[in-house]
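Before any comments, here is the structure.
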Protein chains: 2
Amino acid sequence: MDFKEAKNKFVQTWGALGSQWGINKTMAQIHALLMVSNEPVSMEDIMEELQISRGNASMNLRALMDWGIVYKEFKAGERREFFTAEKDLDELAVKISKERSKREIKPALKVLKEVSSINANASAEEKHFVEQTSKLYDFVLKADNVLDKITEYKDNWLAQLLVKFMK
Amino acid sequence: MDFKEAKNKFVQTWGALGSQWGINKTMAQIHALLMVSNEPVSMEDIMEELQISRGNASMNLRALMDWGIVYKEFKAGERREFFTAEKDLDELAVKISKERSKREIKPALKVLKEVSSINANASAEEKHFVEQTSKLYDFVLKADNVLDKITEYKDNWLAQLLVKFMK
DNA sequence: AATATCTTTCATTTTTTTTTGAAAGTTTAA
DNA sequence: TTAAACTTTCAAAAAAAAATGAAAGATATT
């Protein structure tokens, strides 16, 4: 396998993986492309390499920047914009964790709190509902706290975690 | 908010959350419904409560059973089948982790290993590619190992993890 | 201030995913 | 072994998501 093939395979695989995690294919592919580029990449190059339209490239780059995992770069003397991805994997994990917590977990917690707080009458059905959603609330809250803690460690949290867990 | 509203809100929210995690809405809704039901539920009831077709119910129940988080139940004297969800949340997390590892992480690792093993010639571009995909391989491998370890603890791994991390 | 270079927006089109429902399949019971 | 009760399958339809591209919007240059 030569470089071109390998790069292509990586970008395709990352893209497919993205879909399975609720991220759209192109967005994941752009991210993959930037991750393995040693130089900032122009929108033109991204369009060319992934065979996508200008609008598509623009919108997905915007989304990636909203996630805080892709940055704009300005090259001296160049009019157009260039893009780079966050390449530090710990930093990347932290950013994704924080963002997903904010966008998805926190709102879900709010709903869980609400629905688990209804005044259950005597019926076994309602009691079970309250019990189960309360457990779910506790569980998700704990999981979210773990994420928070992890992001505090920031550097190399994964290795530390592994060490702690294996001992 | 009364019970009916709360239940509906929970099912809807869980369904929406599912979409953001690469699981289809109906599948997540069926799972939500079963999670908060104290009694096994028939396919007829699922169709009725979620307003979905028989085929849809059948296929998504099958998918949930493939994930190992929903079970068929047979009631004495009853011809039709009933369904229940795994309600132990630790167990649920373990099953989902294992399944995602098997379906997504392991195959991704294989590709990462492949593409990071190309024979990089002297160009900075190729060197960077190999370096970055190698780092990614190590990172994902470590993360996958953490999942493995977690599943060994099985009961209440989350609480243990939290304690370890906060100390 | 007019023009050139580049980016964003968004209505429309295309693609992908999900859902439907009727036919085929399966199991139990009479 | 026939029929009744239920489940699964899958081609077609519907819905949802993503992509296009041209026009509008910026921003720099002459």
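Protein chains get the first letters and strands the later ones, always in sequence-line order, with residue 1 at the start of each.
- Protein atom CZ of A:F74 is 12 Å distant from nucleotide atom C1' of C:dC6, rounded to whole Å.
- Remark: A:F3 pairs with B:F129 by the ring pair (Phe, Tyr, Trp, His ring centres under 6.0 Å) rule, at least two apart or across chains.
- The shortest distance between the side-chain N/O atoms of B:K75 and the OP1/OP2 oxygens of D:dC6 is not below 4.0 Å.
- Counting any heavy atom pair closer than 4.0 Å across all strands shown, A:E81 reaches sugar-phosphate atoms only and no base atom.
- Contact check of residues 7-16 of chain B against DNA chain C (heavy atom, cut-off under 4.0 Å) returns no residues at all.
- Nearest-nucleotide positions on DNA chain D for B:E78 and A:G77 put B:E78 closer to the 5' end.
- Put simply, CG on B:L61 is 12 Å from P on D:dT9, counting in whole angstrom units.
- Between B:M47 atom CE and C:dT18 atom C1' there is a gap of 16 Å when expressed in whole angstrom units.
- Rounded to whole Å, atom P of D:dT8 lies 13 Å from atom CD of B:E44.
- Under the salt bridge (charged side-chain N to carboxylate O under 4.0 Å, His left out) criterion, B:R79 pairs with no residue, sequence neighbours left out.
- Taking the ring pair (Phe, Tyr, Trp, His ring centres under 6.0 Å) definition, one finds that B:F83 meets it with nothing, sequence neighbours left out.
- Going from atom CG of B:L50 over to atom P of C:dT18 covers 16 Å, rounded to whole Å.
- In this view, A:E73 and A:T84 satisfy the side chain to side chain donor-acceptor pair (under 3.5 Å) rule, not counting sequence neighbours.
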Report all interatomic pairs (protein N or O, nucleotide N or O of nucleotides 13-21 of chain D) with separations under 3.5 Å.
unit_1, atom_1, unit_2, atom_2, d
D:dA19, OP1, A:T26, OG1, 2.5
D:dA19, OP2, A:T26, OG1, 3.3
D:dA19, OP2, A:N56, OD1, 3.3
D:dT20, OP2, A:S53, N, 2.7
D:dT20, OP2, A:S53, OG, 3.0
D:dT20, OP2, A:N56, ND2, 3.2

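- One interatomic measurement links the two molecules: CG of B:D45 to P of D:dC6, which rounds to 12 Å at whole-angstrom precision.
- With sequence neighbours excluded, no residue satisfies side chain to side chain donor-acceptor pair (under 3.5 Å) with A:S19.
- Here B:K7 pairs with B:E49 under the side chain to side chain donor-acceptor pair (under 3.5 Å) rule; sequence neighbours left out.
- In this structure, the CZ atom of A:R80 is 20 Å from the C1' atom of D:dG25, given to the nearest Å.
- Evaluation of the side-chain hydrogen bond (donor to acceptor under 3.5 Å, both in side chains) test over residues 98-109 of chain A, restricted to residues two or more places apart or in two chains, returns A:E99-A:R103, A:R100-A:E104, A:S101-A:K106, A:S101-A:D144, A:E104-B:W21, A:K106-A:D144.
- Residues in residues 23-39 of chain B take part in these side-chain hydrogen bond (donor to acceptor under 3.5 Å, both in side chains) pairs, two or more places apart or across chains: B:Q12-B:Q29.
- Taking B:E125 as the reference, nothing meets the side chain to side chain donor-acceptor pair (under 3.5 Å) condition, with sequence neighbours excluded.
- For B:E5 (side chain) and B:D2 (main-chain N/O), a donor-acceptor pair under 3.5 Å exists by modelled atom type.
- Taking atom CG of B:L64 as the reference point, atom C1' of D:dT8 lies 16 Å away to the nearest angstrom.
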Contact string for nucleotides 25-30 of chain C, one letter per nucleotide 5' to 3', B = base within protein heavy-atom range under 4.0 Å, S = sugar-phosphate only, - = neither, reads --BB--
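- The line from NZ of B:K87 to CG of A:L136 is 12.5 Å long, rounded to the nearest 0.5 Å.
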